[in-house]
Amino acid sequence: MVKKCDAIVIGGGHNGLVCAAYLARAGKRALVLERREVLGGAALSEEVFPGFTFSVFSYVVSLLRPEIIRDLDLPRHGLHILPLESTLTPLPDGGHIAQWNDHDQNRHELARHSLRDAEAYDELGRLLHQMARAVRPLLGMLPPDPASLRVRDLASLARLGGHLRGLAPEHFHALHKLLTMSSADYLDEWFETEALKATKSASGIIGTMLGPRSPGTAYVLLHHYMGELDGVFRAWGFAKGGNGSVSAAIAAAARRFGAEIRTGAPVANVIVKGHRAVGVALESGEEIQAKVVVSGADPRRTFLDLLGPGQLPDDFVAAIRRFRFRGASGKVNLALAELPRFAGLPDAGPHLRGAISISPSVDYLERAYDEAKYGEFSRRPYLDIVIPSLLDPAMAPPGKHVMSIFAQYAPYALNGGWTDARREAFGDAVIDTITEYAPNLKGAILHRQVITPADIERTVGLTEGNIFQGELTLQQMFFFRPVPAWARYATPVPGLYQCGAGTHPGGGVMGASGRLAAQAILGEKA
Amino acid sequence: MLKTTPFHPRTAALCASYAWRRWAGYVVASSYGLSHEHEYHAIRSAAALLDISPLCKYLVRGKDAARLLDRVVPRDVAHAEVGRVLYTPWCDAAGKVLDDGTIARLDDALFRMTSADPGLRWLEDNALGLDVEIEDATDSIAALALQGPASRAILQEVCSKDLGALKYFRTTAAELRGAPVTISRTGYTGDLGFEVWVDAPDALAVWDALIQAGTPYGIAPAGMLALDMARIEAGLMLIDVDYISARKALIPQQTSTPFELGLGWAVNLDKENFVGKRALVEAAKRGPAWRFMGVEIEWESLEELYADVKLAPQVPAAVWRTSVPLYTDGDQVGYATSGGWSPLLKRYIALAHIESSHAAPGTRLEMEVTVEHRRMHATACVVRRPFFDPERKRA
Ligand SMILES: Cc1cc2nc3c(=O)[nH]c(=O)nc-3n(C[C@H](O)[C@H](O)[C@H](O)COP(=O)(O)OP(=O)(O)OC[C@H]3O[C@@H](n4cnc5c(N)ncnc54)[C@H](O)[C@@H]3O)c2cc1C
């Protein structure tokens, strides 16, 4: 049977769903084809063990664009983002340092370690707020193509230029530093407390095969700082029900606008006729025609797997081959009989309702990276932990808990490759690490799920397990993402678009790529 | 968690209103009684005891202590004799006000500086290469303000030093019922008053002594609401309310030079150098674009607006701290930042930033007031600060 529709979206990741929702909202007949039986891609909740639900891959939300929440009326479809109010960094000596959303609480806590840092924190916060304000419009903007002479691009470039010219000199200097320095060096200019520097610099390395001392990571720090939730800067949250509920809400909105969503429908290839994409062929053999085809899969899958050789210009293919993935992180999901007890802290309390970061020093993080550089996983990895059941008790049976542990570094290209034994060894390293700070953890574990970059690639389809559909580094951002001159969601194949995190503005449960792609397809002005 | 001050065991027991507010990370009483009226009147008619411990306090000592302070504030610290207290703003390199506070010269090479915001990092960064030690004494020194016409008599009851000899903006070491303290003739009420600085362990003894000695004089512990009214009558500005520190401003328009805050008198451009001097020399040449003035909302005009809806005029029950536009002929020329009804003066007064060309005393502007849900304009007359300046303050 040959079916026809206006737009086919390959992949029911959250970006694909956002794109389909916007297309359907504009009256287009949109069809989403997801390879797996479940929707959401890397934004997925699953009851992995009976009674224990996990936000299996991504686990927190900060960048989800508020305009998407409004446009698609996501709260009506069940979206509720609960705030994470703190970041706790336990220290090897039994001490700890925490960052709190409440200004006074934060200041008192930091002042325990350094009065200077307590003051610097506010000043850096103000500067990053100003910088985020300066850079943030870029996230909502179609990236201009600086090599193009089209009026649209020129106008958009001019707007960008005007925007940057509008920066005060000290902000321009700050931007320059953020663009060129490592997050560790940059934070050295502000803070003296090691664990504070380390915890802050960690956001510059998340998902990336770079260490805190690698140049360019300072900018990524800012990128993550732009998290915005309900209009509030810098707010990290946990979606009630896990990030799968973000995808579910978007899917419900898309359906309400009339989009059709099919799961268990892997696309084998894009059908190109007369240099134009005209539909897709499913692995089942079914063919579906459409006026446009949008791929929410990552750039390597889209261009190297779904298109045949010769359908793309050589230089484009070469550029896609150079686009770096290098997955660097994994996940450990634990079902717990009881809460972890951290030395020197009360058994329960607000400190467990936020993020818990294992990042005692910059050296610790850099050493973790050193091992990965040479193909081993970190024996003592950087960990970003949340206990979702404290925010949403429905995630676990009464009195029990789930713990979500993002762990880095776990290089995709592990020496000898990932095996079941290596996976479990990695899981052990993660659990041993936490147990050093919370000795009761090991005994509290009922079940565990360990996810390596190889598992991420296999299940979600993210190449090399890179969590952002391609490294989020400066040379792969803005109009470089994924390929210069092709950063505006169109591709060298007319009728074929891309809408995944592999495009500007990049990874994270943000939805911006899906929305901007829909706008580009609908010919709306950026 | 919030901190409590060393006086908390006493203040908590007295706080019948359960109305607390945050001040620099500490919790202090908004009012002790169910209304702050009695506390306000105590400031002006008897004496009020205020817990001002949350002020940031720095002890600056060493050979170069005077040099450091002279470098960071625009007033002349080097020539201040021992026992002097200077009120001063201080600025960033662009000449924009960062904070304001007092500097007390306790000894040749020892100063106590107070500020509203923490400023240790800034002091330390400016002290590079100087022989000076900076100690954050915010937690270790407790402070009380004893303010009002009876304050001297009360304090004299418990202190052997002749307080009659302690002049306005002077400080002295003393003993208060055996506890070593420093007493300064300073305050935030524009009235006769003193501030008592005491090591935290002696705080409760000092509180008890003052309450005991003050009771026959009608002393009343007073909270922040009473203080807020008094400081507006005195024309004194409050950081984060009446001006924004250049450290926190997100856009240049939010910053102010001392001249724009009416603090030009505290800027000594003859001093060899200090942070912001170059910018302030230029700013002084240009003259301020804005003035920080008092405005008085004319009663008759308010009465008329209310009469139109058949109501008697209403005045705010406590000081407001929001930005309220000021107009002339429909053009906005300024904004008031805090204001209220002065129970003593029977005037509706406010502190305001006004474009210089409209800021001459006597200029009649219009201030936005909301009357029965509608935005109206009442006549507001520009006046000099302070609104209230009793002789006894300096006498
Ligand atoms: C372990 C992990 C932790 C993370 N943590 C966070 C976090 O806490 N916060 C955050 O903001 N971000 C986080 N991220 C990143 C974020 O989850 C991703 O960047 C984002 O979800 C990508 O969304 P997407 O829709 O662009 O792509 P994807 O989620 O990758 O979706 C692509 C979809 O396409 C489907 N697909 C692929 N090929 C085909 C085909 N041939 N036919 C049909 N369907 C196909 C896939 O099955 C998948 O569902 C994390 C990612 C991972 C992996």
Side-chain angles (χ1 to χ4, degrees), chain A residues 85-86 88 96 98-136 163 166-174 187-193 196 225 232-234 345-346 349-351, chain B residues 1-5 20-28 53-60 72 90 92-96 98-99 113 115-128 133-140 239-240 244-255 276 279:
Chain A
E85 289 172 37
S86 59
L88 171 74
H96 67 272
Q99 299 165 61
W100 293 92
N101 282 1
D102 181 83
H103 176 258
D104 289 326
Q105 192 171 10
N106 191 53
R107 188 153 74 79
H108 292 325
E109 168 63 10
L110 298 185
R112 284 200 307 123
H113 298 267
S114 158
L115 285 165
R116 286 178 65 87
D117 285 3
E119 291 175 26
Y121 194 91
D122 290 344
E123 293 186 36
L124 177 62
R126 165 176 167 266
L127 181 70
L128 290 183
H129 173 99
Q130 290 171 318
M131 301 314 301
R133 220 203 114 264
V135 178
R136 197 177 57 98
H163 198 76
L167 288 181
E170 69 266 28
H171 295 155
F172 197 81
H173 300 155
L187 292 164
D188 253 341
E189 295 192 352
W190 291 89
F191 300 120
E192 54 192 19
T193 308
L196 179 62
Y225 193 91
V232 183
F233 273 95
R234 228 172 7 134
L345 283 162
H351 60 283
Chain B
M1 290 304 107
L2 292 176
K3 291 188 186 177
T4 54
T5 78
W20 298 91
R21 89 161 45 161
R22 290 191 194 195
W23 174 5
Y26 290 81
V27 60
V28 292
S53 304
L55 276 173
C56 298
K57 310 169 208 85
Y58 300 100
L59 291 173
V60 182
V72 293
W90 50 94
D92 64 8
K96 300 308 182 82
L98 289 167
D99 202 342
M113 182 176 194
S115 62
D117 284 339
L120 182 71
R121 185 167 175 260
W122 183 75
L123 280 174
E124 282 181 351
D125 290 352
N126 277 293
L128 213 71
E133 185 196 315
I134 304 159
E135 178 193 342
D136 184 335
T138 305
D139 288 337
S140 59
I239 194 168
D240 294 334
I244 296 177
S245 165
R247 213 178 264 136
K248 295 184 198 154
L250 293 171
I251 49 173
Q253 292 85 323
Q254 291 176 335
T255 62

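In what follows, every heavy atom counts, from backbone to side chain, and hydrogens, waters and symmetry copies are set aside. Labels below follow one simple rule: chain letters A, B, ... track the order of the sequence lines, proteins then strands, and each chain is numbered from 1. From a predicted model like this one, the values you see are computed outputs, not experimental measurements.
- Residue contact with chain B, scored on non-hydrogen atoms closer than 4.5 Å, is absent for A/Asp122.
- Taking B/Glu124, B/Lys3, B/Arg121, B/Arg22 one by one and counting their heavy-atom pairs under 4.5 Å with chain A, the maximum is reached by B/Arg121.
- Between the side chain of B/Ser245 and the main chain of B/Leu98, a donor-acceptor pair closer than 3.5 Å is present.
- In terms of non-hydrogen atom pairs under 4.5 Å with chain B, the most contact-rich of A/Glu109, A/Glu123, A/His108 is A/His108.
- With a threshold of 4.5 angstrom between heavy atoms, A/Ala120 approaches chain B through its backbone and through its side chain.
- For the pair B/Leu59/B/Glu133, no side-chain contact is recorded, criterion being any heavy-atom separation below 4.5 Å from C-beta on.
- Between B/Trp122 and B/Trp90, the two ring planes are parallel [angle under 30°; tilted spans 30° to 60°].
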Taking it one step at a time, do A/Arg116 and B/Asp125 satisfy salt bridge (Lys or Arg N to Asp or Glu O under 4.0 Å)?
CA-CA 10 Å; A/Arg116 286 178 65 87; B/Asp125 290 352; 2.8 Å; yes
